[in-house]
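Working notes, structure below.
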Amino acid sequence: MTYTSSWRSPSNIALIKYWGKHSLQLPRNPSLSFTLSACHTQMKLEVTPEASTPGLVVMYDGTPRPPFELKIKTFFSLVSDRFPWLAQASIVIDSVNTFPHGAGIASSASAMSALALCLTDIHDQLNGQDHGQDADWWCRASEVARLGSGSACRSVYPVAALWGASSGIADSSDEYAIPWGNEIAPVYHDFQDTILIVSTKEKAVSSTAGHKLMEGLAYADTRYAEAKNNLLKLCDIMRRPDALDQFITIVESEALQLHALMMSGDTPFILMEPGTISLIKEIWHYRKETGIPVCFTLDAGPNVHLLYPKEYTATILEWVKSTLTTYCAEGRYIKDHVGNGPEKV
Ligand code: DP6
């Protein structure tokens, strides 16, 4: 008998950055993210347990992609105690991303969260417990996603997610993310994220290698303390509808700190491109001139995430087209926004 599960799972963008990990993908500091919508992975998992010829086939849009198999096998070995049936199963994974390959958008959060959701779902089917998803179910899926890629654990919740044990935040944990949408003001529930594609090149440094560079960095402990502090401050700020200025200060500082950390190791690396810097300056100038609360964040790459309240969408997109696309590779950008989380398809 073959069991099937299909999920669509979104990417997320961190406001407080996870950068530095230990043990089995446990974070050195808590992080907070918006769940996105347009950028997502759709995945189908087919599992035949106790197959006569166990094995794994990984496909992208129907075409076999053997290079991904090693990463998935490593992940399966990390979750084998939860899903013991994996060892003797014949498994086919087929997925497709909505965001184009080579757009410089990391797919690990959406892909690994989609895989975690499919696995958790199939596990229920195998155990005759396919009764839908309660809070505990999402928590388990988040933990499985974390083992695939740290940031993926935040993608399983609508609107926003918080990952990492934080003093004073009930139920927060290093093992899994918790939903955070109900803790933030309505203005953030439909926040826009226009992703300005500065470069379409593959990432020069993988996140895993990047996290490693935090080990032994002179500023590491200061950074972890700062991130913890920023997280608590941002949680307070985002509860209020009228504190966008303070939101902007912390979010931009987190993005710049992430890149400053990368530049300060013994083997420094610079992931920003000239276009990244130009965009940051344009954003600062425009915000000062117009008073519109638009800001940026960055992940571990050169692309700029332009964040702003929905009410300014038309005005901002005009400015993007007239000015900001000058700095984008082939004028490319992706219109995304805070979304409703994964969906079973
Ligand atoms: C800069 O989750 O990609 O995007 O756990 O090694 O898979 P691994 O790393 P990953 O790191 C994400 C780093 C970041 C910040 C963030 O998303 O919080």
Side-chain angles (χ1 to χ4, degrees), residues 9-36 39 41 68 70-72 74-75 78-79 97 99 104-116 142-157 160-164 166 172 174-178 180 193 195 202-215 217 220 223-224 226-228 230-231 234 250-263 265 269-272 276 296-305 307 336:
S9 191
S11 185
N12 69 76
I13 181 68
L15 304 171
I16 302 293
K17 307 293 179 182
Y18 149 57
W19 199 241
K21 63 178 174 179
H22 65 99
S23 313
L24 267 187
Q25 216 104 269
L26 294 171
R28 291 280 183 196
N29 65 261
S31 57
L32 180 68
S33 56
F34 277 145
T35 304
L36 296 178
C39 292
T41 297
F68 291 148
L70 186 62
K71 192 171 159 84
I72 304 285
T74 309
F75 168 60
L78 293 178
V79 295
N97 297 331
F99 41 99
I105 309 279
S107 60
S108 67
S110 56
M112 282 303 179
S113 56
L115 183 53
S142 175
E143 187 166 1
V144 172
R146 184 204 97 227
L147 292 164
S149 176
S151 56
C153 75
R154 298 186 310 237
S155 274
V156 306
Y157 297 114
L162 186 151
W163 171 38
S166 312
S172 61
D174 285 350
E175 313 273 339
Y176 46 80
I178 56 173
W180 205 247
D193 180 1
I195 308 167
E202 285 293 312
K203 280 203 219 174
V205 181
S206 74
S207 298
T208 297
H211 290 289
K212 245 201 181 84
L213 290 167
M214 286 300 283
E215 287 163 29
L217 193 72
R223 161 61 196 162
Y224 301 142
E226 172 81 349
K228 280 178 194 159
N230 276 347
L231 180 110
L234 195 63
I250 294 198
V251 167
E252 291 190 346
S253 166
E254 278 287 313
L256 294 176
Q257 279 184 42
L258 172 71
H259 284 257
L261 289 164
M262 299 184 206
M263 288 187 234
F269 53 99
I270 301 178
L271 295 185
M272 288 191 276
T276 315
F296 70 86
T297 189
L298 309 165
D299 61 15
N303 299 332
V304 175
H305 289 247
L307 302 175
D336 210 339

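Owing to the predicted nature of the structure, the values given are computational and were not obtained by experimental measurement. Whatever order the structure lists ligands and atoms in, that order sets their numbers, starting from 1.
Between Trp163 and Tyr18, the two ring planes are perpendicular [angle over 60°; tilted spans 30° to 60°].
To the nearest 0.5 Å, atom CG of residue Asp336 and atom CG of residue Leu36 are 4.5 Å apart.
Listed for the Lys17 side chain is a donor-acceptor partner under 3.5 Å among the backbone atoms of Leu298.
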Run the side-chain contact (heavy atoms from CB on, under 4.5 Å) check on Arg223 and Leu217 step by step: do they pass? CA-CA 10 Å; Arg223 161 61 196 162; Leu217 193 72; over 6 Å; no
May I have the step-by-step check of side-chain contact (heavy atoms from CB on, under 4.5 Å) for Asp299 and His305, ending in yes or no? CA-CA 8 Å; Asp299 61 15; His305 289 247; 4.1 Å; yes
side-chain hydrogen bond (donor to acceptor under 3.5 Å, both in side chains) between Thr41 and Asn97: does it pass, once the steps are laid out? CA-CA 4 Å; Thr41 297; Asn97 297 331; 2.7 Å; yes
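Nearest protein neighbour of atom 7 (O) of ligand 1, counting heavy atoms only, is Ser149 OG, 2.7 Å. When only non-hydrogen protein atoms are considered, atom 11 (O) of ligand 1 lies nearest to His211 NE2, 3.0 Å. Remark: minimum distance from atom 15 (C) of ligand 1 to any protein heavy atom is reached at Tyr18 O, 3.4 Å. The nearest heavy-atom contact from the protein to atom 4 (O) of ligand 1 is Asp299 CB, 3.9 Å.
Those atoms of ligand 1 with a heavy atom of Ser108 less than 4.0 angstrom away are 3 (O). Near Ser207, meaning under 4.0 Å from any of its heavy atoms, are these atoms of ligand 1: 3 (O), 9 (O), 10 (P), 11 (O). With ligand atoms numbered from 1 in the order given, ligand 1 contributes 16 (C), 17 (O), 18 (O) to contacts under 4.0 Å with heavy atoms of Ala14. In the vicinity of Leu258, heavy-atom distances shorter than 4.0 Å reach the ligand 1 atoms 1 (C). Under a 4.0 Å criterion applied to the non-hydrogen atoms of Lys21, ligand 1 contributes the atoms 5 (O), 6 (O), 8 (P). Listed by number with element, the atoms of ligand 1 under 4.0 Å from a non-hydrogen atom of Trp19 are 1 (C), 13 (C).
The environment of CG in Leu78 is crowded: more than 12 heavy-atom neighbours from other residues, nucleotides or ligands sit within 6.0 Å.
In terms of N/O distances under 3.5 Å, ligand 1 is approached by Ser151. Considering backbone and side-chain N/O of Gly150, one or more are found under 3.5 Å from N/O of ligand 1. Where the criterion is an N or O separation shorter than 3.5 Å, residue side chain and backbone included, Lys17 fails it with respect to ligand 1.
A 4.5 Å side-chain heavy-atom check between Glu226 and Gln257 finds at least one atom pair inside the cut-off. Counting heavy atoms from C-beta outward, Leu115 and Val144 have side chains that stay 4.5 Å or more apart.
The closest heavy-atom contact to atom 18 (O) of ligand 1, among the options Met262, Lys212, Arg154, comes from Arg154.
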